[in-house]
Structures are given as C-alpha cells and as structure tokens.
Amino acid sequence: MNRFGPMGMAFIGTWFGFANPLLHFPMAILLLPAALILSALWAKSHAQAFKNGFQTALPGYAASLYWLAIPVHDHGGLPWVLALPCPVLVGALLAAYAGVFCMGVHLIKPQIFQPLAMLTLGLLWASLELVRNHFLTGFSWLPLAQALAPWPTTLGLAAWVGGFGISGLIVCVSHSLLIGNSAARMAILPLIGLCLLPGLTSSPRNPEATASVSMIQGNIDQGLKWDVGMQADILKTYLDLSFKAVAENAPDLVVWPETAMPFYFQDPSDLTTNMRLGVARMQVPVLAGAPAYSIPMEPDAPPYVLHNRAYLLGANGEPLAAYDKEHLVPFGEYVPLGKWLPFITKLVPGQFEFRPGRNTEPLQSGPLAMGLLICYEAIFPELAQKQVERGANVLVNISNDAWFGHSSAPWQHLHLSVLRAVEQNRAIIRSTNSGVSAFIGPDGSLRGPTTLFSTSIAHDPAIPLLTEKTFYHEHFYLIHMAFPILTIAFLWMLWRTGLKIHT
C-alpha cells in the first residue's frame, strides 16, 4: 500500500474541512473517514490497521492544531524548538482514536459492503468522540460535526442525536461514497436528507421573551493584560465602550469577556470602586469575568486557590451572583500531575493554581437565566446540558482567545459553540476579548460576528429566551450510552458473520 495516498487524502479533508487560514470547505471533511477506511482495508492485521490509521490521521490533525504552538511559545516561555512539537503531540492523541477506528474497520472487513457495516462504523466514530470527550480530562476539539458549523442548515439533527451523532452520520456518508456499489450509494440520498430535514422543516417558534444585549470586545493585548500598571486603563477601556453601547442601544444587559477585569474584584480597591460606580452610572446590569480566590480549609492545602469567575453586577453596581469555571484547562489553569511535573508551568499568570467552582447555577438578570460556559467549557456538551437542565434559557460563553494570535483557533472554538446552541435549542451570547464574538441563534446561525483583534461593540436587540428542550437534551444519557452499546453489539454481529462465511 502507498500510505501517502490516504495520508494526503486525510490531510486535505482535515485541513480544509475545519477552519483554517486559507479556505474552509465543510464537505472536505468527508475525506478524513474515507481515507481511514481505505488505510484499514489495506492492513493485514489489527496492529497494522491501528498503525495505518494513526499515520494517516496524524499530519492533518497536527496541521489543524498548529495554533497550539503560539500560546506555548508566546506566553508559556518555551522556545520554538519545544513549542512546535506541541501540535504534533496533541494531534497524536487524536490520531490514536483514528487508529482504534481503523481496527474496528479491519475487524469487520469481510462484511464491509453490508449496510449494517455503514451504520456500525458511524456508531463507532460517535463512540470514540464520546470517549475522547471524557478521557484524560477530555479534549473534544475537532469532532467531525464541527466542520459543518458554517452551514447551520446541516446541523438540525444535533437537536436529536447531538454533535457526536452528526459525526457518525458523516462517517456513514463517507462509507457509502467510498465502497458502496451503485445501489448502496443510493443510501447517500436518505442520509443527506436525514441531515438536512430537521433544519429545513423546523419553523422557529416565537420565544416567550427576548432580551436586548450588548457585548464589549476590548481587544486587550495579551502581553499587557496582566500588567498591574495597565489595570486602570483596561477598566477604563471597557467602561467607555459600555457607556457608548448603553447610549446607542439601551440594552438589558452588557456582557464583558473572560477576565475582562484583570484584578480581584472581590477585594476593596480603587479599581473595584470604579467598576461599581461605572455600572451604577450606566444603570444596566453587567456580566464580566475576573480572577478570584478562596481560602481552602482542608489540611495541607495551599493558602489560596484561584478561580476563573464571572460576576453579575446589578444596575446599581452591586454584585448579585457569580459563576466559577468548573472545567479547567490542563496546562493553562493547572498542571496535571503537577507534583511529578514541577518543571512544567501553566500559561495563566499567578502563584497558585486554579480550582473548579461549585456555584454552577444559572445567573438571573430580569428574564435572562444565563447558563455560563467560560472559555474551554463550550466544547463539552455535558456542561451545556447541565446549565439547561438547571433552568438556563440562554447560554453565555465568555472567552479570551487572544492567546492564539491571528490563527484559526478562535473560529474553531466558535464552531464548537455553534454545536452547543443547536443541541440545546438555546441562543448563545459569545463574548471574547479579541474575537470572534458573536450571537449564535438556537438554529446555529451567527449574528454580528466581530473581526479578530478589533475593538468592537456587538449588539442584538432580541436574543430569544427559550425554555423548550430538545430530544437530545431529554435523552442525553440514553443517547450517549446507546453509541457504545450498539457499536459493540454490531461489531460482534458482523465479526461473527464474517467468521462463519470463511469457515
């Protein structure tokens, strides 16, 4: 086998299928699972199938994650010679799942032309994305469904089977195109119809209520953000933009990004006082991110632990409620196995490490019940699920993607947020420091996306506040359990059938 054929095919599919600096063409993503199926069929053993899948997927995944080297070098202090391998290492983790997928293909190789094989491989891929969502703290970046985010009409099925289910459907289409005969390829039409039908047939209902919201994109240089001498200027930037937004739009709420207040708002200080007076001058509630700390009480605990917090301030400037980020970023906010890896430092400045929060209820401001997802949390479907289950009628994703420079990472992050909106039938208010900020409709459509590294005010006069839950939400755990259970059952059936044919 010439391994470079499938490898090049997978590279093109991965690079152009996901957001990148050149051209994003969502349908290119079909090439990735097709290339993996080919590489598995040419293998002579399970071990070789894993190796073929790993080698086929690695270049495309590593290239699509190229932006990981930027924060590690620019803000983590590593020289380029050590930063450049980081995308390869994380890409290798994703490629390992591709290798396992190829082992599954090889297992049912004698039955690969059967319609059940198509369904089984789709379920296998969905199951592997589900495992990747949880294993080693979870890394749900670059699921196949993410590629379709620019075409929200194709995402309606996420309200029924979630993003992982759509990824499985993409694999089914790839299988049919690649190895189906003329009759089998006719299955592509109902598969595509299944994907498009929910988006084409669903008619948006009038929401019970709407809210007018302005977002402030301060565009603060990441290298200056934590400079103590810049704190007052940063706060003034956000307040001045907020005064302008309130004067022009009269919103019900103003939203600032993650850690927009680069100081401890919980401590009495001139900065805290100015913030409260500024909000009181607006007479509009403000949701804003800031670092926070608490004093742990357990024995041998450090004197302080940090939290990534979102504060809700009332129209008079008083703190009404807060949410602490519960799923922290490995090596960004804490170092896994830090006792054994003392030479590795985290990217976020601070003497102490962060701890996940426990106050995870939606924040209430007038008719808005806001389910918070801070930064990285938007990539995990179970966190959006939890917020909606607790009564959120809108989701809010505050983030700071300035770490990644002028790269495709902010767009990839945005596309993952789009999946959460459709899965939960909730609009998402996505406010970032340097872009891409956007209002995401419950159907996955984008309104008012900002440009990268611009100082901007984004406004939507009618954010829908919804309470209706999706089939995916109502059967979340059942659907996620069904993926691996059906995968194992169908793999076993096809394997046994293949054995009988050859004995």
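The analysis underlying the following values was restricted to heavy atoms, covering all of them including side chains, and did not include hydrogens, waters or symmetry mates. Computed from a prediction, not measured in an experiment: that's the story for all the values here. Heads up: numbering here begins at 1 and tracks the sequence.
- The ring of Phe404 has its center no closer than 6.0 angstrom to the ring center of His413.
- Donor-acceptor pairing under 3.5 Å is recorded for the side chains of Asn133 and Ser140.
- With sequence neighbours excluded, the residues satisfying ring pair (Phe, Tyr, Trp, His ring centres under 6.0 Å) with Trp160 are Phe471.
- Formation of a donor-acceptor pair under 3.5 Å by the Asn433 side chain with backbone atoms of Ile220 is found in this model.
- Between Lys325 and Tyr376 the shortest side-chain heavy-atom distance falls below 4.5 Å.
- Taking the salt bridge (Lys or Arg N to Asp or Glu O under 4.0 Å) definition, one finds that Arg309 meets it with Asp324, sequence neighbours left out.
- Inspection of the Gln412 and Asn20 side chains reveals no N or O donor paired with an N or O acceptor under 3.5 Å.
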Identify each donor-acceptor pair in which a side-chain atom of residues 81-93 lies under 3.5 Å from a protein atom, sequence neighbours left out, and give them as a table.
none

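- Residue pairs meeting the ring-ring contact (aromatic ring centres under 6.0 Å, His included) criterion with at least one member in residues 430-461, sequence neighbours excluded, are His406-Phe453.
- Ring centroid separation for the pair Phe139 and Phe135 does not come in under the 6.0 Å cut-off.
- Ring to ring, His24 and Phe16 are not that close: their centroids are 6.0 angstrom or more apart.
- For Phe101, the ring pair (Phe, Tyr, Trp, His ring centres under 6.0 Å) partners two or more places apart in sequence, or in a different chain, are Trp125.
- Under the salt bridge (Lys or Arg N to Asp or Glu O under 4.0 Å) criterion, Asp460 pairs with Arg447, sequence neighbours left out.
- In this structure, a donor-acceptor pair under 3.5 Å is present between the side chains of Ser127 and Thr487.
- In this view, Val161 and Leu157 satisfy the side-chain contact (heavy atoms from CB on, under 4.5 Å) rule, not counting sequence neighbours.
- Applying the salt bridge (Lys or Arg N to Asp or Glu O under 4.0 Å) test to residues at least two apart or on different chains, the pairs with a partner in residues 408-420 are Arg420-Glu423.
- The ring pair (Phe, Tyr, Trp, His ring centres under 6.0 Å) search around His307 returns none, not counting sequence neighbours.
- Distance alone, capped at 3.5 Å, is enough to place a donor-acceptor pair between the Asn397 side chain and the Leu373 backbone.
- Contacts of Tyr311 classified as ring pair (Phe, Tyr, Trp, His ring centres under 6.0 Å), with partners at least two apart in sequence or in another chain: Phe265.
- Applying the salt bridge (Lys or Arg N to Asp or Glu O under 4.0 Å) criterion to Asp74, with sequence neighbours excluded, gives no partner residue.
- The structure places CG of Leu58 at 11.0 Å from CZ of Phe11, a figure rounded to the nearest 0.5 Å.
- For the pair Ser167 (side chain) and Ala145 (backbone), a donor-acceptor distance under 3.5 Å is present.
- Among residues two or more places apart in sequence or in another chain, the side-chain contact (heavy atoms from CB on, under 4.5 Å) test is passed with Pro152 by none.
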